[in-house]
Amino acid sequence: MTGKHKFLVKILAVALGAILILSSLVSCTTEAEKKTITFGDGGWDSSQVHARIAAFILEHGYGYETEFVPGETIVLLQALVGGDIDVNMEIWVENQQEAYDEALAAGEVIDLGGNFLDNWQGWLVPTYMITDGDLPEGFSVSDMPDYWQLFEDPEDPTKGRFVNSVPGWESTGINTQKLEAYGLTDSYTDFVAGSDAALSGSMVAAYEKHDPWIGFYWEPTWVLGTLDMTEVVEPPYDEEIWNTTRGCAYPANKVNVAVNADFYDSVDSEIIDFLTKYETTTEMNNQFLAYMQDSGGTTEDAAVWFLQNYESIWTQWVPSDIANKVKAALP
């Protein structure tokens, strides 16, 4: 080999090495740009399952790391605004309407549309209290003062006990306002449950003993998918009344997916597309929550169960190559 040829070989070797280094740097940069995606983890099961369904798809389909930040309604909205979380899969919009509208108007949060819209929340009694004749058909908030003794509060036997929701939930304050609007504070205590488990547990314990119970709950939940409960009749929803005293039925609620605005601008558009297409129904939620309850499984187990049993649904949210990766990762 001549000196000239040797010189050319050296140049080619150097060039090839530079290309390999640049290729490596590009690869590293691409991976570095795939930041960990952080989900808000509400204090109720359906919120946690939805976060884990989305996380499983993002991890196994798109190659992202994920993590979960626990919190309740308003705290998680503040975290979403501040960028401490990237995604909230289950925002009950009307329960935090004013603060949510402000976040949208300020461009701090981007709403991606409904997760499940056929939901319900309100006040309930066990149906057997009506069929047994303890309460009248069409039992309403206006009847409650006449029947408080059925629901006697063991800590204050001069009043009935209304079982409210959990500290930090927007519904808890709304229910307190409702009790006042309906003139029920003289006949019922406002008993705030310590957790979702305590709230549902009080209902289940009463139901199993065929005891009286009155309080707040919502659907979708495994509880209302299992127990026969009847809605306490309230005046129909009226926007003006709702915005002043809350003295009417809960409005139909939007339960939406939302993301932090900076996350929206910086993450790959295919991730936003997936989260925008994410949509379920109350019945699907009831089913995976009932599975979780019956099996004693975790929220991770329920997420995997959903992906195994609703393949025809979630595969519509992602391209086929991503769906194949997710399916391959399922047990």
Side-chain angles (χ1 to χ4, degrees), residues 38-51 54 68-123 164-181 190 192-196 199-200 215-221 234 237-264 275-276 278-280 282 285:
T38 304
F39 287 87
D41 219 24
W44 57 99
D45 289 338
S46 60
S47 170
Q48 295 175 17
V49 174
H50 283 298
F68 309 97
V69 174
E72 300 301 348
T73 305
I74 294 300
V75 172
L76 287 180
L77 178 57
Q78 293 169 342
L80 192 64
V81 167
D84 296 315
I85 63 174
D86 301 312
V87 186
N88 190 329
M89 298 299 297
E90 189 176 316
I91 289 190
W92 289 69
V93 174
E94 282 78 5
N95 283 4
Q96 50 194 310
Q97 188 75 66
E98 184 176 351
Y100 193 63
D101 287 345
E102 289 176 0
L104 294 178
E108 298 163 328
V109 168
I110 306 296
D111 190 302
L112 300 183
N115 180 340
F116 53 92
L117 301 178
D118 56 339
N119 55 80
W120 176 89
Q121 57 185 325
W123 295 6
N164 202 341
S165 50
V166 178
W169 292 11
E170 191 72 8
S171 58
T172 307
I174 291 172
N175 290 327
T176 296
Q177 289 177 276
K178 283 174 172 284
L179 289 168
E180 294 170 353
D190 183 5
V192 177
S195 65
D196 180 15
L199 175 58
S200 60
F216 168 85
Y217 219 66
W218 74 97
E219 189 177 29
T221 53
E234 299 181 71
Y237 171 75
D238 179 282
E239 184 176 4
E240 183 177 353
I241 293 173
W242 180 261
N243 290 334
T244 52
T245 67
R246 310 286 198 194
C248 61
Y250 276 88
N253 219 312
K254 299 183 188 73
V255 181
N256 289 4
V257 178
V259 298
N260 171 267
D262 290 338
F263 172 80
Y264 180 92
L275 293 172
T276 301
Y278 190 109
E279 185 176 1
T280 63
T282 290
N285 282 255

> What closest approach, in Å, do V259 and L80 show between heavy atoms, and which atom pair accounts for it?
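That closest heavy-atom pairing would be C-CD1, 3.9 Å.
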> Hey, could you give me the NZ/CG distance between K254 and N119, rounded to the nearest 0.5 Å?
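It comes to 10.5 Å.
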> Do L76 and D41 come within less than 4.5 Å of each other through their side chains, counting heavy atoms only?
no
> If you round to the nearest 0.5 Å, how far is CG of L77 from CD of E72?
13.5 Å
> Please report the closest heavy-atom contact between A54 and L275, naming both atoms and the distance.
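Nearest pair, atom of A54 first, then L275: CB-CD2, 4.5 Å.
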> Got a second to check how far E94's CD is from Y250's OH, nearest 0.5 Å?
12.0 Å
> Do you know which of T221, N95, I174, N175 makes side chain to side chain contact (heavy atoms under 4.5 Å, CB included) with Q121?
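Going through the options one by one, the only one that passes is N95.
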> Do you know the tightest heavy-atom contact between V109 and L104?
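Smallest heavy-atom distance, with atoms named: O-CD2, 3.3 Å.
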> Which pair of heavy atoms, one from Q96 and one from T73, lies closest together, and at what distance?
NE2-CG2, 3.3 Å
> Between Y278 and H50, is the ring centroid distance below 6.0 Å?
yes
> So, applying ring-ring contact (aromatic ring centres under 6.0 Å, His included) with W169, which one of Y217, W92, W218 is it?
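With W169 as partner, Y217, W92, W218 yield a single ring-ring contact (aromatic ring centres under 6.0 Å, His included), made by W218.
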> For A261 and G107, which heavy atoms make the closest approach, and how far apart are they?
CB-O, 3.0 Å
> Could you grab the distance from atom OG1 of T172 to atom CG of N164, nearest 0.5 Å is fine?
5.0 Å
> Under the side chain to side chain contact (heavy atoms under 4.5 Å, CB included) rule, what do T282 and W120 come out as? Steps first, then yes or no, please.
CA-CA 9 Å; T282 290; W120 176 89; over 6 Å; no
> N115 vs T280, test: side chain to side chain donor-acceptor pair (under 3.5 Å). Steps then yes/no.
CA-CA 6 Å; N115 180 340; T280 63; 2.8 Å; yes
> If you define the side chain from C-beta out and look only at heavy atoms, does anything of Q78 sit under 4.5 Å from D84?
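Not in contact.
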> Side-chain contact, heavy-atom cut-off 4.5 Å: K178 with W123?
yes
> Tell me whether T38 contacts the main-chain N or O of D86 through its side chain, where contact means a donor paired with an acceptor under 3.5 Å.
no
> Might you point out which heavy atoms bring N260 and G82 nearest each other, and give the distance in Å?
ND2-C, 4.3 Å
> Hey, what do you get for CD (E219) to CG (N253), rounding to the nearest 0.5 Å?
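So the gap between those two atoms works out to 13.0 Å.
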> Once rounded to the nearest 0.5 Å, what's the spacing between atom CG of D238 and atom CZ of R246?
13.0 Å
> Between E90 and F116, is the side chain to side chain contact (heavy atoms under 4.5 Å, CB included) condition met? List the steps.
CA-CA 9 Å; E90 189 176 316; F116 53 92; 3.8 Å; yes
